[in-house]
Amino acid sequence: MPNKRFILSKPKSSITDVATLGVTKEDFIDDFKQYYVHSLGRDENFRSSPFYACEALSLAIRDRLMERWKTTHKTYNKMDSRRLYYLSMEFLMGRTLSNAMLNLGVTDEVTRAMHELGIVIEELVDRELDAGLGNGGLGRLAACFIDSCATLQLPVVGYGLRYEYGMFTQTIVNGEQIEKPDHWLRYGNVWEVERLEYSLRVKLGGHTEIQTDEQGRQRVCWISTNDVLAVPFDTPIPGFKNNTVNILRLWKAVATEEFNLDEFNAGGYAESVAAKVTAEHITMVLYPNDANENGKELRLRQQYFLASASLQDVIAHWIRQHGHDFSNFAKKNCFQLNDTHPSIAIAELMRLLMDVHGLSWTAAWGITGQTMAYTNHTLLPEALEKWPVQLMRRLLPRLMEIIFEINAHFMSEVAARWPGDRARLSRMSIIEEGTEQQVRMAYLAIVGSFSVNGVAQLHSQLLQQGLFRDFYELWPYKFNNKTNGVTPRRWLASCNPELAALITETIGDGWITHLDDLKKLEPYAEDAGFRNRWREIKQRAKQRLAEYKRQQQEGTDLSPEALFDVQVKRIHEYKRQILNVLHVIHLYDRIKRDETQNWVARCVLIGGKAAPGYAMAKRTIKLINNVAKVVNSDPDVGDKLTLFFLPDYRVSGMEMICPAADLSEQISTAGKEASGTGNMKLMMNGALTIGTLDGANIEIREEVGDENFFLFGLTEEQIEARRQHYDPVAIIDQDEDLQRVMNLLESGHFNQFEPGIFDELIASIKSKYDPWMTIADFRSYIDAQKRVETAYQDKDHWTRMSILNCANSGKFSTDRTINDYNRDIWKLEPVPVQYP
Ligand SMILES: *Cc1c(COP(=O)(O)O)cnc(C)c1O
């Protein structure tokens with residue numbers, strides 16, 4: 001019998017009707033104190049407890065996001081808006097607090113509120129740990145994208161995994177990388193909201209059977225599975241001053257209850273608890289491999305877990321809104337796959353539509369092929385994902401059946417178009433034959449998607465002519481380019497407030513959402529007063545970086561007078577950090593030989609993480625540190641040249657680095673860097689690029705003009721032509737500078753007490769088969785660095801170029817990128833949100 005006490009007559013108002021929260025200084029002071037004292041139970045001075053002060057402020061800010069989020073969600077549902085779901089194994093978000101304040105438009109009020117309480121806001125902001133749920137460019141792109149989607153008022157949900165441990169923390173001991181686990185949730189995460197009520201089950205293992213349902217239809221059932229619960233955690237993603245708050249939904253793996261209970265009844269209590277741990281392994285850790293697949297079973301579990309939970313979530317929402325009629329599903333929903341990592345979603349959508357919701361193959365395939373879109377991020381063969389058929393059959397038996405069937409349909413389409421072309425069939429098959437059959441995930445992604453895009457013009461062109469040539473011939477209309485970008489909110493407005501203020505004072509604040517406006521700065525490049533202010537701001541950013549470095553590591557200081565020459569990115573052979581080191585050794589050699597006329601003091605900063613299993617990358621870090629030790633401790637060198645390795649490169653680190661950079665090193669082998677985005681962040685903050693014709697460098701040079709860009713190196717075509725008869729030893733023999741550099745390296749000058757440690761590294765660049773052809777670009781690189789020095793000596797000229805780089809960076813806003821995606825692929829209507 002129901003308890004009468006709780007049966008109410010008509011409620012006077014809904015429990016979710018609450019007063020709108022204010023955003024004045026007084027409102028923030030009140031709320032801050034409320035959280036600090038009442039919720040967090042602190043009574044000591046704020047200053048002595050900066051962690052809790054940061055927590056209290058974050059909660060106050062979160063409240064403001066929460067109510068806008070609720071309104072946004074209601075608006076989308078009421079409008080029945082078409083939506084885009086961005087599926088990504090990585091979201092490299094970094095910190096949230098300062099970005100949330102900026103986008104809510106409350107930075108000034110909050111700063112004054114904190115000031116009144118005797119708190120310096122920067123100190124609070126610096127307490128926050130980075131959410132490092134990504135490796136590098138691909139994960140950061142996802143983070144920039146969802147910022148732009150919210151700013152452009154697009155109904156977009158980001159779906160990813162809530163890894164317990166993000167990207168490892170890097171420390172350097174004796175010049176070598178040491179990895180420490182990044183337990184970023186250690187002190188909790190105020191920005192996330194757990195939504196247990198939307199938990200879902202994900203199947204793994206088991207086998208399939210054909211059963212007949214109540215209507216007498218045959219259906220495939222996937223049974224005897226080991227299920228795992230997917231629990232969503234939502235993070236609000238605010239647009240810039242527009243009241244839109246979208247969500248990022250990250251899944252956590254949790255053991256199911258009855259899974260434990262069965263074991264418990266069988267008497268295996270301890271085993272049941274242990275099994276719980278196994279289920280929860282799925283979202284324990286981010287794989288720290290950038291541009292390198294590693295084929296581990298746990299990784300496939302993660303991928304399927306993301307795909308299945310996200311699709312079930314979208315379908316459950318669909319059914320709540322539209323019932324079981326899927327005829328309009330493709331009209332209202334679209335999925336963007338961030339690389340092949342979540343591409344098992346193609347087979348999973350087929351499974352859910354057929355096995356769970358009773359659609360025919362034809363109907364399900366029609367929907368899948370109209371809703372899935374795939375972004376490729378790399379041409380490197382070692383990064384192309386393949387999964388053994390055997391493994392997939394064991395882990396995902398139903399998915400494997402569906403993939404075979406997709407391939408059978410696809411193979412007949414190819415056979416019909418090119419009768420008798422057996423070679424083409426085997427080239428294009430989703431299943432690679434061989435001693436071990438493998439599933440080619442990129443091919444599955446192309447076959448199941450209506451759009452396939454690369455991330456810069458050159459990259460998209462190379463996909464069509466090379467890697468995906470056969471597919472381009474079959475379906476040219478599927479292929480398109482979407483040049484990457486970065487969000488100007490984080491990468492200029494927030495990370496470089498002084499420069500942002502100067503820009504706003506000069507041209508107004510429209511640039512924050514219309515970055516092409518920066519073009520209006522161009523005439524000011526000729527204004528001496530403006531140039532001075534520009535230069536002073538850069539100088540102060542350099543001092544701050546020097547100060548930060550002084551706090552982190554003792555030893556030689558950075559001199560803010562020197563040219564700050566920056567290469568920060570993952571350590572990888574194709575990115576050629578070694579070429580940078582060869583140049584440093586060349587400069588060192590010139591100093592030692594007293595060849596220092598018109599010298600430009602230079603401070604070379606290199607930062608980045610190596611994948612823990614990538615020996616050559618780790619050895620490169622050791623080389624950088626060893627060369628740094630020799631160069632920095634040589635009294636002959638002094639201030640003329642310093643080299644530093646910046647440990648633990650991450651998003652918050654980059655926010656400190658890019659305002660301080662003079663020169664941006666983008667020196668990958670032409671044809672290997674799909675786009676790059678670090679190049680864009682640095683350009684936006686007024687760094688000049690020294691770079692090859694690779695990835696988005698090409699478009700950066702187009703925008704800023706050749707006279708404001710230091711170009712060097714072979715083109716992609718020249719690289720591929722040269723490869724056949726590449727002879728690095730002959731090149732060394734013909735170049736005295738390079739000879740001296742190689743002699744220093746080979747003589748053990750940088751590893752006097754560590755014999756032989758660089759032998760393999762040296763051998764790799766001297767090999768005729770060096771895929772990255774580092775030696776081929778040495779001379780051209782050294783000459784370009786000479787041009788850099790000449791340019792830097794003329795301070796006015798350099799500052800003019802710096803201003804022009806910023807002024808012409810408008811194209812590289814993710815607002816432009818997302819508008820391109822939306823116009824060509826997603827076709828969403830912007831949905832303004834009325835608030836309050
Ligand atoms: C932007 C960014 C990257 C990507 O840098 P690239 O130079 O494009 O490889 C990687 N890591 C972090 C932390 C970044 O902010």
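Values below: every heavy atom of this structure, side chains too, minus hydrogens, waters and symmetry copies. We count ligands from 1, going down the list as the structure has it; atoms in each ligand are counted the same way.
A salt bridge (Lys or Arg N to Asp or Glu O under 4.0 Å) with E655 is found for one member of R489, R490, R95 and no other, namely R490.
Geometrically, R162 engages F233 in a cation-pi contact defined by less than 6.0 Å to the ring centre and at most 45° from the axis.
Remark: D824 engages K482 in a salt bridge, criterion side-chain N to carboxylate O under 4.0 Å. Salt-bridge formation is not detected for the pair E573/K672: no Lys NZ or Arg NE/NH1/NH2 atom is positioned less than 4.0 Å from an Asp or Glu carboxylate oxygen.
A side-chain N or O of D130 and one of S652 form a donor-acceptor pair less than 3.5 Å apart. For the residue pair S668 / D694, a side-chain donor-acceptor distance below 3.5 Å is found, with atom types taken as modelled.
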Write 'none' if nothing qualifies; otherwise put on separate lines each N/O atom of ligand 1 with a protein N/O atom under 3.5 Å away and their distance to 0.1 Å.
unit_1	atom_1	unit_2	atom_2	d
ligand 1	7 (O)	K569	NZ	2.7
ligand 1	8 (O)	T677	N	2.7
ligand 1	8 (O)	G678	N	3.0
ligand 1	9 (O)	K575	NZ	2.8
ligand 1	15 (O)	K681	NZ	2.6

